[in-house]
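The next block holds one structure in the form of structure tokens; read it before the comments.
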Amino acid sequence: MPKGTQREISVYSNAPEVEFFINGQSLGTKKKDNSKFPASGLTWKVDFKEGKNKLKAVGINYKDKQVSDELEVNYRFTKNGKAKELILESEKLNNGNYLITATAMDGDGLRCLDYEERVYFQALSGGTTLKSLGTPTGSESIKMANGKASIEIVRDDSGKELEVMVLNQSFKGTYLVIE
């Protein structure tokens, strides 16, 4: 969105009241309207700043206690260009598997938030993909959301490097090797 344009943020909660904060500043408390069930989201107009923004929703009077949830949003006003490449990154999970994430990037190094094409992951050696699980991290063919897609890979006992490839009709294979 252009600078100075407010975004509408919705919070869905089973608490009777919710207070919403952006970067530590309260935007007020709203009461849940049960007549709008099940989609009884509470909305606030938010002015994001460029860069990191911390969002926090605090549920009030929920079973006589306060509950909260936080989210950090990295916001930008610059629109990305056309996707020029797919970048692969890995993160070792607590279960010993690897989460492999493909990100679509433009020529200026910006993530292509509007890129939603399907990508295909393949473990070429050293492991296997968790597939056909019906989840975003459980199929070799995944539609990107906001320019990202991820898959979980299980290392095998071969001792080989873990080599992973991602591709689609727009991009030839991009490879990642984990020793």
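Because the structure is a prediction, the values reported are computed rather than measured.
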- Query: Is a donor on one side and an acceptor on the other found under 3.5 Å between the side chain of N74 and the backbone of E72?
  - Reply: no
- Task: Report the residues that fulfil side chain to side chain donor-acceptor pair (under 3.5 Å) with K54, sequence neighbours left out, ordered by chain and then residue number.
- Result: E70
- From C112 SG over to N146 CG, what is the distance, rounded to the nearest 0.5 angstrom? 11.5 Å
- Message: Applying a strict under-4.5 Å side-chain criterion to I, L, V, M, F, W and Y, I'd like to know whether L71 and F21 cluster together.
- Response: no
- Message: Under the rule for side chain to side chain donor-acceptor pair (under 3.5 Å), what residues qualify as partners of N95, not counting sequence neighbours?
- Response: E152
- Item | Donor-acceptor contact present, side-chain N53 to main-chain K49, <3.5 Å | yes
- Mind listing the closest non-hydrogen atom pair of L162 and G127 along with its distance? CD1-N, 3.7 Å
- Query: Which heavy-atom pair separates S141 from R118 by the least distance, and what is that distance?
  - Reply: OG-CD, 2.8 Å
- Side chains of Y120 and V166: closer than 4.5 Å at any heavy-atom pair? no
- Item | For F20, ring pair (Phe, Tyr, Trp, His ring centres under 6.0 Å) partners two or more places apart | W44
- Minimum heavy-atom distance between L88 and V164, given as atom pair plus value: CD1-O, 3.9 Å
- Task: Looking only at non-hydrogen atoms, find the nearest pair between T43 and S10 and report the distance.
- Result: CG2-OG, 3.0 Å
- Query: Between L113 and N80, which heavy-atom pair has the shortest distance, and what is it?
  - Reply: N-OD1, 3.3 Å
- Message: side-chain contact (heavy atoms from CB on, under 4.5 Å), that's the test. Do K56 and S68 meet it? Break it down for me.
- Response: CA-CA 7 Å; K56 182 177 182 178; S68 65; 4.0 Å; yes
- Any pair with a residue in residues 155-172 that passes side chain to side chain donor-acceptor pair (under 3.5 Å), sequence neighbours left out, goes on the list, sorted by first then second residue, please. Y115-N168, D156-S158
- Task: Count the heavy atoms of every other residue, nucleotide or ligand shown that sit under 6.0 Å from NZ of K30, and state whether that count exceeds 12.
- Result: yes
- For T29, check side chain to side chain donor-acceptor pair (under 3.5 Å) against everything at least two apart and list the hits. none
- Message: The criterion is side chain to side chain contact (heavy atoms under 4.5 Å, CB included); which residues satisfy it with D47, sequence neighbours excluded?
- Response: Q6
- Mind checking whether K143 and E116 have side chains closer than 4.5 Å, heavy atoms only? yes
- Query: In the hydrophobic cluster built from side-chain contacts under 4.5 Å, what are the other members alongside L124?
  - Reply: M165, L167, Y175
N/O donor to acceptor pairs below 3.5 angstrom from side-chain atoms of residues 99-110, sequence neighbours left out:
{"unit_1": "T101", "atom_1": "OG1", "unit_2": "S150", "atom_2": "OG", "d": "2.8"}
{"unit_1": "D106", "atom_1": "OD1", "unit_2": "D108", "atom_2": "N", "d": "2.8"}
{"unit_1": "D106", "atom_1": "OD1", "unit_2": "G109", "atom_2": "N", "d": "3.0"}
{"unit_1": "D106", "atom_1": "OD1", "unit_2": "L110", "atom_2": "N", "d": "2.8"}
{"unit_1": "D106", "atom_1": "OD2", "unit_2": "G81", "atom_2": "N", "d": "2.7"}

- Residues at least two apart in sequence or cross-chain that pass salt bridge (charged side-chain N to carboxylate O under 4.0 Å, His left out) with K45, listed by chain then number, are E8
- Message: Test of understanding: clusters of I, L, V, M, F, W, Y form through side-chain heavy atoms closer than 4.5 Å, transitively. Do I142 and I153 belong to the same one?
- Response: yes
- Taking R76 for its side chain and T78 for its backbone only, find out whether a donor-acceptor pair lies under 3.5 Å. yes
- Query: Any side-chain heavy atom of I60 within less than 4.5 Å of one from V18?
  - Reply: no
- Taking atom CG of L176 and atom OH of Y98, what is their separation to the nearest 0.5 Å? 10.0 Å
- Any sub-3.5 Å donor-acceptor pair from K31's side-chain atoms to P16's backbone N or O? no
- Note on the structure: Of all heavy-atom pairs linking T129 and A123, the shortest is CG2-N, 3.9 Å
- Same cluster (ILVMFWY, side-chain, under 4.5 Å), V177 and I87: no
- Hey, are the side chains of L27 and I22 touching, using non-hydrogen atoms and a 4.5 Å cut-off? yes
- Item | Residues which pass ring pair (Phe, Tyr, Trp, His ring centres under 6.0 Å) with F48, listed by chain and number, not counting sequence neighbours | Y75
- Applying side chain to side chain donor-acceptor pair (under 3.5 Å) to D69 and not counting sequence neighbours gives none
- May I have all residue pairs that pass salt bridge (charged side-chain N to carboxylate O under 4.0 Å, His left out) and include part of residues 78-95, sequence neighbours excluded? K79-D114
